Amino acid sequence: MRRSTRYLLTIAAAMATVVAGGLWMAPGPITAEDVGVVAEAPQLLIDQDFPDPDVNRFGDTYYAYATNTGGRNLPVATAPSVDGPWSVSDADALPQLGAWAQPGRTWAPEVSQRPDGGYLLYYTAHSINPDRQCLGAAVSDSPLGPFEPVGDGPLVCPADLGGAIDAGTYSEGDDHFLLYKTDGNAVGLRPGIYLQRTTPDGLTFDGDAVRIVDNDQDAERGIIEAPVLVKQGDHWVLLYAAGEYWNGSYYTGYATSTSITGPYEKAYRPLMSNPSLDHAVDGPGGADIVRGDTGDHIVFHGHLPSGGRGVYAADLGWANDFPVVRGSRVRYEAESGTVNNCVVRHNAVGASQKAVVAYIDHADSHVEVTVYTPTAGGHTVVVGFANGSADGAEHAVSVGGTSFGTVTYPYTGWDNWAQAAVGVELSAGWNTVRLMHHRHFAEIDYIEVS
C-alpha cells in the first residue's frame, strides 16, 4: 500500500485508500449516464435565491439564514426537519445594521445559541471606514430575531489583510471559537482562514487569532472561504469553499487536524464539486453541517437554472472520521485494495497515482476494494480502466458476495484511461466490491462510488 499524508487517507482496517471528491483528470468517454446509471442527487430544499446557508436546530425547529437577498439584510427560513418543507419568511431578522456598516453587502451569517440561552449573530457587512468587508455581531432573544447590533464598530476588521468575511463558530464545553476568512483576494492578497478563541458570550476575544488554512492550491483560483468546523472522533474537520462562487469552479473542500489550532491537512480532492456530483448541482459551496440523532447532513448552495443560488442537502457520513457525501464520487485506488492472482503495475502513464492493477487474466483473478457510503441503497460504481482487447473486455462485479452482473470495457488501447459504470446496491457503512476476470483483458486504475 502506498501512503501519503498529504494526498491520501489511509484506512488501515479496510486496507483501501479513500480520496473524497471530484475528478480532476479528464473523464473518459464512458460515464455513468451513458449506461443509464445515475447516482442519488442532492435534494433541492429552497428553490429560490438563498445563498450561503447557515442551518441550525433550535428546539424542535430548523432555522436557515442567508446572505442578503430580497431586500432583507438577514433572510430566514424555518422547517420541521432538514428535509423540509422549508418556509422562507418575508421578515428581515436583522432590520438594522450596526452604525459602522452600510447596507447592500450583508453576507454569510452565522447564528448560534449562547450559554445564557440568547442567540448570537455574526454577520459580514461593508464598513464605512475602513472601506472593507468586516464582521459585526448582533443579539436576540429569539432565533427569528430581530437581532440588534452590538458595539459601535465591527468586531473583526483587519484592514491590512483586506477585511474579514464568512464567520463560523465552534463550541465544545467551555471552549468557544470564531472562524473567519480574511478577504485578501479582494485587494490582491492571498486569503486565509483564521481561528480565534472567544468568551462564552462570543463578543470578546481570549487570545490572538491563528491562521489555520492558506489559499495555496491552483484549483482554489485565489479564493478560500466559508469555514465550518466540526469534531468527528479524534479529528477536527474543517470544511471550506474555494474557486469562484459565480461559476461552476466553486467547490467544497475539507482539511483535517488532530488539534483544533492545526496544522490542518487538506484532502487531495474536493468533498463536492461539479464533476464529483455528476453536475447535479452547479458550484456546490457555502456548506454547513447539520448533526442529528438519526444521521448528519450537509447543506449547501448551488446555482439555479432560473438564477440565484438555491439550497441543497445530502446525507453525510464519516469514513474513519473523514467526510463522505451521498451522491458525491469518492475515489478508491485499485492498487490499494486486495489483489488475487494479478499484479500492481507501477509507473502507469496517465493513471491516477501512477499505479494500476494489471494481469487480471485468470479465472480466479480479482481485486477487492472496501468502500464506504453514508446510506444504503442504489449506488454507481465507476471504474477507471484501460482495455487493449480489440473486441472489448468484461469484469464480473459483486458486493459482499452478491453478484451485480458485469461491467463492460470498450477498446481503448493500453494506457488510454477511460471510465465504465455499473449499478450496485450498498449497505450503509463499509462494503467490499470485487471485480473479477470474466472476458478478455483490462487493467483497473481506480473505482469511484457515488
Side-chain angles (χ1 to χ4, degrees), residues 9 18-24 39-45 50-55 64 66-67 82 107-108 110 165-168 179 181 191 193 212-230 232 235-256 264-291 296-304 309-319 321-331 374 448 450:
L9 307 178
V18 181
V19 183
L23 295 171
W24 290 108
E40 180 177 294
Q43 178 185 2
L44 179 59
L45 301 181
F50 203 88
D52 303 314
D54 169 52
V55 183
T67 281
V82 174
W107 298 345
E110 170 75 4
I165 67 172
D166 293 1
L179 298 101
K181 169 251 179 116
I193 291 174
I212 58 173
V213 171
D214 282 313
N215 166 224
D216 57 7
Q217 296 182 352
D218 290 343
E220 294 165 356
R221 300 195 179 192
I223 300 172
I224 187 169
E225 57 194 19
V228 171
L229 185 65
V230 297
Q232 178 64 32
H235 291 86
W236 279 269
V237 180
L238 176 72
L239 268 60
Y240 60 86
E244 298 161 344
Y245 78 86
W246 56 90
N247 61 42
S249 72
Y250 208 53
Y251 68 88
T252 297
Y254 74 94
T256 60
Y264 281 83
E265 195 77 19
K266 291 182 182 178
Y268 177 47
R269 296 178 185 279
L271 182 63
M272 298 186 299
S273 65
N274 278 22
S276 83
L277 293 170
D278 288 314
H279 300 275
V281 180
D282 183 59
D288 200 3
I289 291 177
V290 182
R291 316 209 77 161
D296 296 341
H297 293 80
I298 186 167
V299 183
F300 55 99
H301 72 227
H303 298 112
L304 297 168
R309 288 170 284 170
V311 179
Y312 295 81
D315 292 329
L316 177 67
W318 302 94
D321 297 343
F322 297 96
V324 177
V325 174
R326 180 72 160 94
S328 183
R329 293 191 188 192
V330 180
R331 178 172 294 187
E448 292 180 335
S450 63

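In this text, all values refer to a predicted model and were calculated from it rather than measured experimentally.
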Taking the side chain as every heavy atom from C-beta outward, state whether Met272 and Ile298 have any atom pair closer than 4.5 Å.
-> yes
Flag the pair Tyr312 / Leu304 as yes when at least one side-chain heavy-atom distance between them is below 4.5 Å, and no otherwise.
-> yes
Salt bridge (charged side-chain N to carboxylate O under 4.0 Å, His left out) with Asp214: which residues, sequence neighbours excluded?
-> Arg211
Whether Asn274 side chain and Gly283 backbone form a donor-acceptor pair below 3.5 Å = yes
Examine distances only and state if a side-chain atom of His235 and a backbone atom of Val230 form a donor-acceptor pair shorter than 3.5 Å.
-> no
Under a 4.5 Å cut-off applied to non-hydrogen side-chain atoms, are Val228 and Leu179 in contact?
-> no
Measure the NZ-CG distance between Lys266 and Asp216 for me, rounded to the nearest 0.5 Å.
-> 3.5 Å
Considering only heavy atoms from C-beta outward, does the side chain of Val325 approach that of Pro374 to under 4.5 Å?
-> no
Verify side chain to side chain contact (heavy atoms under 4.5 Å, CB included) between Val281 and Phe300, making sure each step is shown before the conclusion.
-> CA-CA 10 Å; Val281 180; Phe300 55 99; 3.9 Å; yes
Specify the closest pair of heavy atoms between Pro323 and Leu316, including all atoms of both residues, with the distance to one decimal.
-> CB-CD1, 4.0 Å
Closest non-hydrogen atoms of Ala108 and Asp166, given as atom of the first, atom of the second and distance, are CB-OD1, 3.1 Å
Check step by step if side chain to side chain contact (heavy atoms under 4.5 Å, CB included) holds for Val311 and Val299.
-> CA-CA 7 Å; Val311 179; Val299 183; 3.4 Å; yes
Between Ile224 and Val213, does a side chain to side chain contact (heavy atoms under 4.5 Å, CB included) hold up when you go through it step by step?
-> CA-CA 9 Å; Ile224 187 169; Val213 171; 3.3 Å; yes
Ser276 side chain vs Ser273 backbone, donor-acceptor pair below 3.5 Å | yes
Donor-acceptor contact present, side-chain Ser328 to main-chain Leu271, <3.5 Å = yes
Determine the minimum heavy-atom distance between Gly248 and Asp282, stating which atoms define it.
-> CA-OD1, 3.5 Å
Looking at Tyr251 and Glu220, what are the two nearest heavy atoms and their distance?
-> OH-CG, 3.3 Å
Geometric class of the Tyr245/Tyr250 ring pair [parallel <30°, tilted 30-60°, perpendicular >60°] | perpendicular
For Tyr268 and Gln217, does a side-chain donor sit closer than 3.5 Å to a side-chain acceptor?
-> no
Distance, nearest 0.5 Å, that separates CG of Leu238 from OH of Tyr264 | 6.0 Å
Please walk me through it: do Asp278 and Ser450 pass side chain to side chain contact (heavy atoms under 4.5 Å, CB included)?
-> CA-CA 9 Å; Asp278 288 314; Ser450 63; 4.2 Å; yes
Asn247: side-chain hydrogen bond (donor to acceptor under 3.5 Å, both in side chains) partners, not counting sequence neighbours = Glu244, Ser249
Check whether any side-chain heavy atom of His297 sits under 4.5 Å from a side-chain heavy atom of Asp315, and report yes or no.
-> yes
Would Lys181 count as a cation-pi partner of Tyr240, with NZ or CZ less than 6.0 Å from the six-membered ring centre and within 45° of the ring normal?
-> no
What pairs of donor and acceptor atoms, side-chain ones from residues 284-291 against any protein atom, are under 3.5 angstrom apart with sequence neighbours left out?
| unit_1 | atom_1 | unit_2 | atom_2 | d |
| --- | --- | --- | --- | --- |
| Asp288 | OD2 | Val55 | N | 2.8 |
| Arg291 | NE | Asp296 | OD2 | 3.3 |
| Arg291 | NH1 | Lys231 | O | 2.9 |
| Arg291 | NH2 | Gln232 | OE1 | 2.4 |
| Arg291 | NH2 | Asp296 | OD2 | 3.1 |

Could you check if a side-chain atom of Val324 sits within less than 4.5 angstrom of a side-chain atom of Trp318, using non-hydrogen atoms only?
-> no
Donor-acceptor pair, His301 side chain versus Asp52 backbone, under 3.5 Å?
-> yes
Is the shortest side-chain N to carboxylate O distance from Arg269 to Glu448 below 4.0 Å?
-> no
